[in-house]
Each structure stands twice: as C-alpha cells, then as structure tokens.
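See structure below.
Per chain, numbering begins at 1; letters A, B, ... match sequence-line order. The structure presented is a predicted model; accordingly, all values stated were derived computationally and were not measured.
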Amino acid sequence: MKWGRPAFIGFLTFPLWCLLFYVSEWSWPVFESWGPSLAFSFQQAFWSTVGALLIGLLWASSLLAFSSSRFYFPLKLLTLGFTVLPALVWINATFWWAGWFQKVPQGLTAIVAVHTLMNMGLVALGAEELLRSRIGKWSEVAQVLGVKSIGFWWRIALPLVKKDLLLLGFVVFSFCFASLSVPMIFATPQDTTVEVLIFQWGIREGRWSHALVLSLLQWAGLASVALILGGPRPQMQSYKVNWRPWVRKEGALLFLVPVVFLGWTYLDLFQKFFSAGFWSEVAAAFSWPALLGSLTLSFSTALLMLVLLLLVSFMQPQRGLRLFLLSYVAPSLAVIGVVFFLLPGESVLWDILKLAVGLSLAFFPGLYRWLGDSHFQSLKAQVRQAEVLGASSWQIASRVVWPQSVEVFSWVTGLAVLWAVSDFALSTMLLQRPYSLALIAETALSRYRVDVGSVYTMGCLSLGLVFFYLLRRGLGVRN
Amino acid sequence: MAAIKRTLLVLFLLTSAAFAAVWIHFIQEGKSLDASRLKLFPLRVIAYPTFVSHYGPGPILVAEFEKRCGCKVELLNAGDSSLLVEKIQAKGDEYVVDVVLGLDQLTAPKALETLEWREIQNLPFSPAPRFFLPMSRRLIPFDWAPMTFIYKKSQIDPPRKIADLLDPRFAGKVSVPSPLTSTPGRQFFQWIATALGEEAGLDFFSRLADQNFIFPDSWTKSYGLLQKGPVKMSFSYLTSAVYHWVEENDFDFQPVVFEEPVPLQVEYAGVPTRCRMCAEAEDFVRFLLEPGSQSLIMQKNYMLPVLSEVLEGTEFEKLPELKTQAVKDEISEDWIREALKKVSPQ
C-alpha cells in the first residue's frame with residue numbers, strides 16, 4: 001500500500017518516463033519558440049470554455065425541465081451522443097455549413113465555435129447533475145418564499161454552484177487546451193497550440209527533449225490551476241424536486257441546433273445508402289480480422305479502465321493523488337505512440353494490447369477529471385466515517401465505494417471504449433496489421449472514399465454504443 | 001460489488017476470447033501457405049497505411065509474390081510515411097526489416113543518412129534518371145506523380161501561373177496541406193521556393209496572406225474539403241483527378257496546368273543492409289517494377305507508373321502533360337517557418 005500511489009502515478013506517467021530514457025541529448029527550447037503557442041492555447045481554451053459553459057448551462061436547465069417526462073432519458077442520451085462524437089464529425093459539419101454560406105472558417109472564432117459545439121453537451125450533463133444535487137433542496141424553499149425565476153438563478157443557484165462550475169470549466173479548459181485536430185485545421189498557420197507544437201517537434205523534427213519539456217510545462221500549468229480550484233467540495237445529494245418554476249421547456253429547442261447542424265450535413269450520405277453500388281463498396285472494404293481486432297480493443301480497454309478505476313477507489317484520491325489526477329494531462333498521442341512503438345515485441349496481439357494500454361493512459365486522466373473526481377469527493381464523508389469505525393482499505397473500497405460507483409464506472413469505461421474503438425491516430429502508429437475498423441475508415445478517407453469512410457466511422461461509433469449499453473447492463477445500471 | 005466482480009470476470013473472459021480469436025486467425029493465415037515450401041523467416045515489408053490496406057496494391061502484390069517465391073511475406077503498416085525512417089532507426093537492430101516502401105524525396109535523404117541500403121542489381125528496366133535522387137541509386141523509384149492543384153471545373157476558373165493564385169477569385173476557396181505535418185504541403189512550399197526563389201517566395205507568401213487559404217494538417221483533410229466542403233481547389237497529385245473520372249465518372253474534377261514546372265512526388269523502395277531475407281527482398285523490389293505490378297500500383301495507388309508503357313489505353317493517358325521540377329533536396333525548416341509567418345493573416 002505504501003508504494004501503491006507512487007506506482008499508480010508511475011504507471012499513468014509511463015510514456016513520459018520512457019521518453020526521458022529515450023532522449024539522449026537535452027536542451028531547453030527558447031521561449032520565443034513556444035511562448036506564442038502557449039498564449040494562443042490559453043486564449044482558445046479560455047474562450048471555448050466560456051462558450052461551452054454558457055450554452056451548456058442553458059442546455060442543462062432544459063434537461064431539468066424534462067426531468068419528470070418520458071423524453072428525459074432520450075434527451076440525455078442525445079446529449080451524451082453529441083459529447084462522444086469524434087472531432088472529425090464536427091469538423092466536417094463545420095466545413096459543410098461553411099460551404100453553404102460560402103465562408104471560410106478560420107482563426108480563433110472558428111476554433112472557439114467548434115470547441116463550444118463539441119463540449120456544450122459535456123457541460124450540460126455535468127451542470128445538470130450539479131444543479132440537481134447542490135440546489136435541489138433550495139428549490140422548494142425558494143418556491144415557498146415566492147422567489148422569482150431570475151432571482152432564483154442569480155442569487156441562489158449561481159452562488160451555490162459557482163465553485164463546482166469553475167471545476168467543470170477547468171475540465172472543459174483542459175480538454176480544449178490539449179485538443180489537437182481542431183486547432184490544426186482551423187488555426188492560421190502561425191497560430192500553433194502547444195499540443196500541435198509537441199506533435200511537430202517530436203514526430204516531425206525528432207526534437208523529443210523539447211517535446212518532453214513542453215509536455216511537462218503544460219502539465220505544470222494545469223496543475224497550478226487545479227491546485228486553486230480543487231478545494232474540498234460538499235457531498236453531492238440527488239433530490240427529486242419540481243423544477244417547473246425555474247426552467248422552461250422551450251429551451252429544448254436548443255437540442256435542435258446540433259441535430260440540424262450534424263443531420264443536415266449527412267443527408268447526402270443517407271441518400272447514397274439507396275444506391276446498390278455503394279453497399280458493395282462498403283462490403284468490399286470489410287474484414288473479419290478488423291472487426292475482431294476492434295472487439296479485442298474494446299474489451300481490453302474496458303478491462304483496463306475498470307481496473308484503473310478500482311485502483312483509484314481502493315487508494316482513495318485525497319490530497320497529493322487527487323491533485324495529480326486533477327491536473328495531469330496525458331501526453332499527446334504522438335508521444336504515447338512513439339513510446340509504445342519502441343517497446344520490444346511485434347506480434348499482432350501485443351500490438352493490440354499496446355494500443356489498449358496507450359489509449360487507456362490517454363483517456364483516463366481527462367475522464368477522471370470530468371466524471372470521477374466529483375464522485376469520489378462526494379463519497380469522502382462516508383469514507384471518513386468508515387475509517388473512524390476502523391474499516392480497512394479493502395472494506396472501504398468493496399463495501400462503501402464500489403457499490404455506489406457502478407454508474408460512474410460505467411460512464412468512464414463506456415466513454416473510453418467509444419473513443420478507443422473510433423481512434424485512428426494511435427491505431428495508425430501502433431497497429432502494424434490492419435486489424436481495426438477505424439483503420440478501414442481512415443484508409444477509405446485517405447483513398448478518396450469519403451462516404452465509405454463515414455460509414456465505417458459510424459460503424460465504430462455504433463459498436464462503441466452497443467458495448468456501452470451492454471456494459472451498463474452488466475454493471476447493473478438500470479437506466 | 002457483485003456487479004463489478006461479475007463484469008470484470010466477463011470482460012476478462014471476453015478479452016481473452018477475442019485475443020484468442022485474433023491469434024487463431026493470425027496462425028490460420030500463415031497455414032494457408034504450403035508449409036513445405038516456406039522459408040525459415042517471413043519476408044518483412046513495411047509500408048504506409050494506404051499501401052497496406054484493402055484499397056492499396058499491397059495485399060494483391062504480396063499474394064502474387066508469395067506464390068512466386070514460395071515464401072511468406074509479412075506486410076506491415078509503419079504508420080505515416082514520414083515515420084518510416086524514424087521507426088526503423090528508433091527500434092534499433094533487432095527490428096528486422098527486409099523491404100521499405102514509400103520513402104519519398106523529402107524523407108529519403110534522412111533514410112540514406114541514417115541507414116545503410118543495399119544496391120539492387122538486375123532491375124527489369126531502369127526507371128528514367130530524373131526519378132532517382134541525385135545522391136543515391138540505392139532507393140528504387142516505383143511510382144510517381146506531378147503535384148498540382150485539382151479544381152472543380154464548374155465552380156472556378158483555374159490559375160495558369162503561380163502569380164494567379166493571388167487573384168481575389170481564389171480567396172478562401174483553396175486548401176493546401178500544412179507543410180508542418182504533411183509531405184504534399186512541404187512540396188507546395190518547396191515548389192514556390194524553387195520556382196520563384198527564396199526571397200521572392202517569401203514575398204509571394206506575404207501577399208498570399210490576404211487570400212485566406214486553408215492549411216489543414218493532412219492531405220486527407222485538405223482534399224476532403226474539396227470533395228465535401230467549401231473549397232474549390234486543393235493542392236494534390238495530378239493523378240487525383242483520375243479517381244473521380246474512373247470511380248465516379250465525374251469529370252468536374254480537373255488538374256491545373258501551370259506554365260511553371262510543378263514539383264514531383266516520387267515513391268521509393270529500398271532494402272536496408274540489416275535485412276534477413278536479402279535475396280528475396282531484392283526480388284520483391286524487382287517484382288514491383290514488372291508490368292503487372294506497375295499496372296496494379298497505378299490503379300490502386302492512383303499514381304503514375306515508372307514504366308510508361310503501362311499507361312497505354314488507361315484514363316491516366318488523358319492527364320495533361322506538365323512540366324516538372326527536378327527531384328532535389330528539401331528546403332530549410334527555417335524558410336518554411338518564415339513563409340508560414342508571412343502567409344498568416346495579421
């Protein structure tokens with residue numbers, strides 16, 4: 001147990017250690033080469049967070065408006081669906097609409113707009129949970145006292161959830177700060193983010209010492225913000241209250257925005273579904289080993305994520321470990337890819353296992369920050385009570401934490417699987433044989449077959465969603 | 001608690017079963033060859049993803065070569081073609097590679113500098129000297145294409161010379177892959193530097209800043225914008241147009257014919273001296289230059305063959321003749337950075 005926490009941190013930071021040994025010549029990158037990138041990364045992540053928080057909060061209030069309706073679960077599922085879509089889907093849609101309006105999406109505004117669209121669902125889900133647990137009980141008091149809607153939100157709700165919202169904003173900020181593909185496409189060539197610079201220095205120019213220094217600086221920056229925001233939080237409690245006086249169902253129109261934004265884009269693809277030749281082309285690209293490989297990747301990623309979560313709940317993330325988990329930004333996929341490629345052994349199974357471990361290491365920190373931290377903090381009081389009563393770490397984990405964590409575990413694991421099964425950035429680097437459906441999508445896209453590629457991307461997402469559903473059933477989550 | 005235990009157990013069993021299934025498939029794949037004729041080690045060929053994939057020529061070429069040599073060929077994906085050399089070098093001597101496919105004139109100089117390559121004799125024919133790198137004949141060209149813009153005929157009038165790219169009609173309607181992350185993007189910048197000279201090239205990029213060209217991180221995204229987006233013209237291979245002519249019967253996609261010579265993209269194959277099946281590896285490279293292989297590479301890779309007879313009677317013959325620049329060394333990283341600063345709108 002004494003070595004448990006350092007070993008766990010060592011495992012999560014494994015790619016950085018490996019790179020440390022790999023780099024033979026060290027030098028410090030001059031500030032002028034990365035300073036502007038740091039400033040731009042901060043700027044785009046900040047405004048994206050503001051955008052996502054504003055729209056996400058409105059969205060969350062709309063979700064609350066439907067909380068006792070039969071549409072609640074489908075709307076929540078839809079929100080989740082938008083949250084897990086790969087960046088490429090949003091990027092393609094943005095360009096499609098840009099074409100419609102004959103405008104070129106470029107620069108800070110475009111990046112902020114796409115990041116806002118990508119993260120507003122995440123904020124909505126998080127904020128809905130927050131509002132429900134933090135201000136639920138005040139809702140009835142306010143109703144009895146006849147508080148007006150605006151007063152309720154401005155004077156009661158906002159002060160109560162302010163700190164949690166800042167933490168949620170930090171989650172979005174760290175996602176946007178570490179985003180690679182959106183800034184790469186929409187930034188003007190000169191406006192490079194830190195993540196793009198790490199990719200460029202490491203992969204393209206072989207300047208691994210500079211890439212590593214930048215990764216560590218990025219981590220240090222986010223750690224200091226996490227230190228400020230990550231103070232102790234009161235326990236989350238779910239309340240079933242009537243939200244009617246405070247929210248309006250008309251807010252549901254907001255759901256139409258991403259539906260139309262994405263749906264319209266893919267209309268011409270759906271039209272292709274009716275042409276005979278199209279499906280034979282899709283079938284020709286299919287391979288059973290690729291499906292098997294994707295399934296293996298899904299299962300092993302889920303297994304690894306569950307084990308990581310169980311370990312966290314066993315160790316109890318307090319003080320140092322919590323600060324680490326809150327602040328740690330996984331190294332860019334470029335770094336992870338190179339490190340895992342350098343590991344000895346090249347069999348097909350080893351390649352898939354390396355990919356699963358690599359993706360788990362990449363996804364775990366972000367998902368923990370998003371979903372895990374608030375959950376584990378909410379259990380803190382119970383854990384303290386159990387400790388006072390003399391329960392061992394094993395008893396606390398198995399009897400207090402785990403039974404209450406299945407819901408969160410299913411989300412974290414399910415989302416990791418969804419992203420893993422549709423990943424082609426790391427797969428292209430690590431899979432030496434075409435044993436993945438995502439690789440079929442990628443090669444179709446790079447061989448001019450945009451529509452076939454889109455079908456396989458959707459296939460990957462569907463596979464991930466089915467797995468997600470089955471996992472929740474397996475863990476005993478009923479809705 | 002019970003739910004987690006049960007889920008972990010089920011996941012463990014499923015993971016094991018899925019790993020076993022992949023392993024069995026992998027073993028079965030090897031058994032499909034006549035074991036008595038197999039050599040001790042497989043011939044290991046590494047290439048870029050699209051060559052290895054179902055869409056590329058790799059799987060068919062390998063199957064054909066296996067029949068001929070009685071050996072097992074392992075066709076491996078090396079990821080991005082710019083990573084080929086990095087990977088071989090980083091893994092050290094224990095990483096066995098017999099044939100490397102997909103180096104181009106931008107990655108080849110580093111390959112020649114960091115690895116030793118065998119000289120391959122008795123080629124079925126000698127590709128034109130202009131395809132070879134000036135510094136070595138150890139890397140054998142197996143396909144090529146001039147690089148130019150592909151445009152939509154019905155939507156925009158094409159440029160005729162480089163200076164036309166500054167015309168307002170192209171503002172916001174052109175995509176070029178980023179030179180920082182993509183080889184075709186580097187080709188574009190190198191083209192301007194070579195055609196106009198480095199000083200005038202920088203001046204050209206300053207004036208291009210007002211044009212709002214899009215610089216996506218990869219060729220795939222850049223060309224995707226032409227296929228499905230607001231872009232009317234994208235920097236790509238001359239041969240990209242043939243895909244639309246053959247597969248989609250769409251002649252709206254046309255290559256731009258510039259008055260200036262355009263850059264060439266040449267793909268090379270080589271056998272590193274660390275090879276284990278060296279004779280078979282050299283045979284494989286010779287096999288790539290045979291008419292049948294050249295034809296397949298042309299059709300699947302949408303690139304021109306180095307054996308020109310193969311073009312006869314195909315759609316590739318309809319492509320316009322472009323003046324091409326000589327294959328030469330890369331321009332400096334600093335110049336590219338400087339040019340990028342100029343092209344960014346302030």
Quiz item: Where on S218(B) is there a heavy atom nearer than 4.5 Å to chain A: the side chain, the backbone, both, or neither?
Solution: neither

Quiz item: For Y55(B) and V452(A), which heavy atoms make the closest approach, and how far apart are they?
Solution: OH-CG1, 3.2 Å

Quiz item: Do N77(B) side-chain atoms and T428(A) backbone N/O form a donor-acceptor pair below 3.5 Å?
Solution: yes

Quiz item: Side chain, backbone, both or neither: which part of F467(A) has an atom under 4.5 Å from a heavy atom of chain B?
Solution: side chain

Practice problem: Could you list the residues that satisfy side chain to side chain donor-acceptor pair (under 3.5 Å) with D98(B), not counting sequence neighbours? | Solution: none

Self-check item: Greatest number of heavy atom pairs closer than 4.5 Å to chain A - which of V10(B), L225(B), V52(B), I46(B)
Solution: L225(B)

Exercise. Sort out for me which residue in T301(A), L303(A), L295(A), L304(A) forms a side chain to side chain contact (heavy atoms under 4.5 Å, CB included) with T15(B).
Key: L303(A)

Quiz item: Can you list the steps and then say if F215(B) with F186(A) is a side-chain contact (heavy atoms from CB on, under 4.5 Å)?
Solution: CA-CA 8 Å; F215(B) 293 88; F186(A) 296 112; over 6 Å; no

Exercise. Compare all side-chain heavy atoms of R433(A) with those of L76(B) and state whether any distance is below 4.5 angstrom.
Key: yes

Self-check item: Per-residue contact mode, T50(B) against chain A (heavy atom under 4.5 angstrom)
Solution: both

Quiz prompt | Interatomic distance, L13(B) atom CG to F299(A) atom CZ [nearest 0.5 angstrom] | solution = 11.0 Å

Quiz prompt | Heavy-atom proximity to chain A below 4.5 Å, by part of F12(B) | solution = both

Quiz item: Using non-hydrogen atoms only, which part of L353(A) is less than 4.5 Å away from chain B: side chain, backbone, both, or neither?
Solution: both

Self-check item: Point-to-point distance, once rounded to the nearest 0.5 Å, from CG of D451(A) to CD of Q227(B)
Solution: 8.5 Å

Quiz prompt | Closest contact, heavy atoms only, T443(A) versus P49(B) | solution = CG2-O, 3.8 Å

Quiz item: In terms of heavy-atom proximity below 4.5 Å to chain B, should A356(A) be classed as side chain, backbone, both, or neither?
Solution: neither

Exercise. List the steps, then state whether side-chain contact (heavy atoms from CB on, under 4.5 Å) holds for L471(A) with L11(B).
Key: CA-CA 9 Å; L471(A) 185 82; L11(B) 267 178; 4.2 Å; yes

Quiz item: Where on V182(A) is there a heavy atom nearer than 4.5 Å to chain B: the side chain, the backbone, both, or neither?
Solution: neither

